[in-house]
Peer 1: 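Mind looking over this structure? Questions follow.
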Amino acid sequence: MYCTKCGKFLPEGTRFCTSCGAPVSVSDANDQQGTSGAGFETRGYYNAPQPDPYYAAGMNAAANLEDAPSTGFGILSFFFPLVGLILYLVWKDQTPLNAKSAGKGALIGVITGVVLTVLFVVVFGLFLGAAMTDF
């Protein structure tokens, strides 16, 4: 039996896919085994070929290797928050861990920029106020 969402091989009696977490219903299992009662075999139809479980597992592993938290993208996003926001929006579905790093960097960069701006205004205001009282 194979997961209808990701194609990973599933042992008999599995209720959820061990790879993607999709629920496996009894009708899915029956359809894949050809016992659904739909009469596909008698009408000349056949079940679609299932993906090779080793190939599907290899593809999932390759996708997981590409998706890792990236310090470099976090630092880039810190200094250029707009780039971090764009990277987050582009990557959030394909590589969520990379996207999260870029998003965190952008968020921290924006917060740091706001805090430094407020501190600058307060300090500059104090110096300007002190200078105005001397005149």
Side-chain angles (χ1 to χ4, degrees):
M1 187 166 75
Y2 297 92
C3 176
T4 56
K5 184 174 180 185
C6 70
K8 183 174 168 101
F9 176 76
L10 301 172
E12 283 295 319
T14 304
R15 295 179 62 196
F16 295 95
C17 176
T18 56
S19 177
C20 68
V24 178
S25 67
V26 175
S27 63
D28 291 342
N30 290 340
D31 286 344
Q32 290 182 11
Q33 294 172 357
T35 59
S36 65
F40 283 41
E41 293 79 12
T42 59
R43 285 190 252 151
Y45 296 105
Y46 61 92
N47 289 333
Q50 299 298 322
D52 180 15
Y54 298 107
Y55 176 75
M59 292 302 291
N60 289 338
N64 289 339
L65 288 177
E66 291 176 8
D67 186 25
S70 174
T71 305
F73 285 119
I75 292 171
L76 174 74
S77 300
F78 174 79
F79 288 110
F80 302 102
L82 184 60
V83 172
L85 176 65
I86 292 169
L87 289 176
Y88 173 77
L89 293 173
V90 170
W91 288 343
K92 68 180 179 177
D93 293 328
Q94 292 90 5
T95 55
L97 295 177
N98 271 339
K100 188 174 180 182
S101 293
K104 276 186 185 179
L107 184 62
I108 293 170
V110 167
I111 291 171
T112 303
V114 168
V115 168
L116 289 176
T117 301
V118 168
L119 285 175
F120 177 75
V121 168
V122 168
V123 169
F124 184 71
L126 290 176
F127 282 128
L128 188 60
M132 295 300 276
T133 56
D134 290 339
F135 287 112

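In this text, all values refer to a predicted model and were calculated from it rather than measured experimentally.
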Peer 1: Report the C-alpha separation of Phe120 and Leu116 in whole Å, then their side-chain angles, then the decisive distance to 0.1 Å, and conclude whether the side-chain contact (heavy atoms from CB on, under 4.5 Å) test is met.
Peer 2: CA-CA 6 Å; Phe120 177 75; Leu116 289 176; over 6 Å; no
Peer 1: Check whether Ser77 reaches the backbone of Gly105 with its side chain - one donor and one acceptor, N or O, closer than 3.5 Å.
Peer 2: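 Side chain of Ser77 to backbone of Gly105, a donor-acceptor pair under 3.5 Å: no, none is there.
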Peer 1: Run Leu10 and Cys17 through side-chain contact (heavy atoms from CB on, under 4.5 Å) and show every step you take.
Peer 2: CA-CA 7 Å; Leu10 301 172; Cys17 176; 4.0 Å; yes
Peer 1: Given Leu76, which partner from the list Phe80, Phe78, Phe79 fulfils the side chain to side chain contact (heavy atoms under 4.5 Å, CB included) test?
Peer 2: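 Only match with Leu76 under side chain to side chain contact (heavy atoms under 4.5 Å, CB included): Phe80.
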Peer 1: How long is the gap from CD1 on Ile86 to CG on Leu82, to the nearest 0.5 Å?
Peer 2: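 Here the interatomic distance stands at 4.0 Å.
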Peer 1: On a heavy-atom basis, which atom in Ala68 and which in Leu97 lie closest, and how many Å separate them?
Peer 2: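 What the structure gives for the nearest pair is C-CB, 4.0 Å.
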Peer 1: To check you understand the geometry: which heavy-atom pair defines the closest contact between Phe73 and Ser70, and what is its length?
Peer 2: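 Between these two residues, the closest heavy atoms are CD1-OG, 3.1 Å.
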Peer 1: Is it true that Leu89 and Leu107 fall in one hydrophobic cluster, defined by side-chain heavy atoms closer than 4.5 Å?
Peer 2: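 Leu89 and Leu107: separate clusters.
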Peer 1: Quick check on Tyr88: does its OH atom have over 12 non-hydrogen neighbours (other residues, nucleotides or ligands) under 6.0 Å away?
Peer 2: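 It does not: Tyr88 OH has 12 such atoms or fewer within range.
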Peer 1: Looking at Phe16 and Gly21, what are the two nearest heavy atoms and their distance?
Peer 2: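 It is CD2-O, 3.8 Å.
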Peer 1: Are Ile108 and Ile111 connected in a single hydrophobic cluster, I mean Ile/Leu/Val/Met/Phe/Trp/Tyr linked by side-chain heavy atoms less than 4.5 Å apart?
Peer 2: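 They do not share one cluster, since no chain of ILVMFWY contacts under 4.5 Å joins Ile111 to Ile108.
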Peer 1: Would a 4.5 Å heavy-atom cut-off, applied to side chains only, mark Ser19 and Cys3 as touching?
Peer 2: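 Not in contact.
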